[in-house]
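Being a predicted model, the structure only gives us computed values, none of them experimental.
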Amino acid sequence: MKYKIGPIPRIVISTESRGGKKSVTHISGLETYGIEPKEFANMCRKKFACATSAQSLEGKQRKGLMEVKLAGQMDDQVQELLSDKKSYNIPQKFIRIEEPPKAKKR
């Protein structure tokens with residue numbers, strides 16, 4: 001892993017709606033903090049009892065980086081898991097939760 005000058009990259013947690021009441025939570029930027037995405041996906045599968053997957057991100061600048069997808073709206077639970085002192089102990093200021101864009105009413 002190469003070190004770069006600039007702001008510290010954050011773990012980004014975002015939620016995407018899939019129609020109706022279904023949603024998917026995306027987590028990216030875990031590699032920066034030494035967290036293996038596939039192991040994190042397995043841990044979330046056991047802890048939250050939901051379907052998970054780890055996929056590589058698209059694009060030339062994101063080559064080698066992975067994203068974890070969780071079934072359901074798990075953004076707050078994932079943030080608690082990452083900042084828990086017993087598990088990963090990542091400070092809250094390095095975790096960013098992105099809100100989904102609100103749908104326009106017709």
As an exercise, state the distance from [atom1] of [X] to [atom2] of [Y], rounded to the nearest 0.5 Å.
X: Leu82; Y: Cys44; atom1: CG; atom2: SG; value: 7.5 Å
X: His26; Y: Gln55; atom1: NE2; atom2: CD; value: 9.0 Å
X: Glu80; Y: Lys47; atom1: CD; atom2: NZ; value: 9.0 Å
X: Ser28; Y: Leu57; atom1: OG; atom2: CG; value: 6.0 Å
X: Lys69; Y: Ser14; atom1: NZ; atom2: OG; value: 10.0 Å
X: Glu67; Y: Glu58; atom1: CD; atom2: CD; value: 9.5 Å

| message | Enumerate the ring pair (Phe, Tyr, Trp, His ring centres under 6.0 Å) contacts for residues 41-93, please, sequence neighbours excluded, ordered by first and then second residue. | response | Phe40-Tyr88

| task | Let me know which of Ile95, Ile13, Ile97, Ile11 forms a side chain to side chain contact (heavy atoms under 4.5 Å, CB included) with Val78. | result | Ile13

| task | Identify the two heavy atoms, one from Cys50 and one from Ala71, that lie closest to each other, and give their separation to 0.1 Å. | result | CB-O, 3.6 Å

| field | Contact summary for Met66 and Glu31, nearest pair of heavy atoms | value | N-OE2, 2.6 Å

| field | Single-linkage hydrophobic cluster Ile35~Leu70, side-chain heavy atoms < 4.5 angstrom | value | yes

| query | Going only through I, L, V, M, F, W and Y residues with side-chain contacts under 4.5 Å, is there a path from Val68 to Val12? | reply | no

| task | Tell me, please, which residues at least two apart from Arg96 pass salt bridge (Lys or Arg N to Asp or Glu O under 4.0 Å). | result | Glu98

| How about Gln92 and Ser83: does a side-chain donor come under 3.5 Å of a side-chain acceptor? | yes

Can a donor-acceptor pair be found, under 3.5 Å and without considering hydrogens, that links the side chain of [X] to the backbone of [Y]?
X: Thr52; Y: Arg45; answer: no
X: Thr25; Y: Met74; answer: yes
X: Thr32; Y: Pro9; answer: no

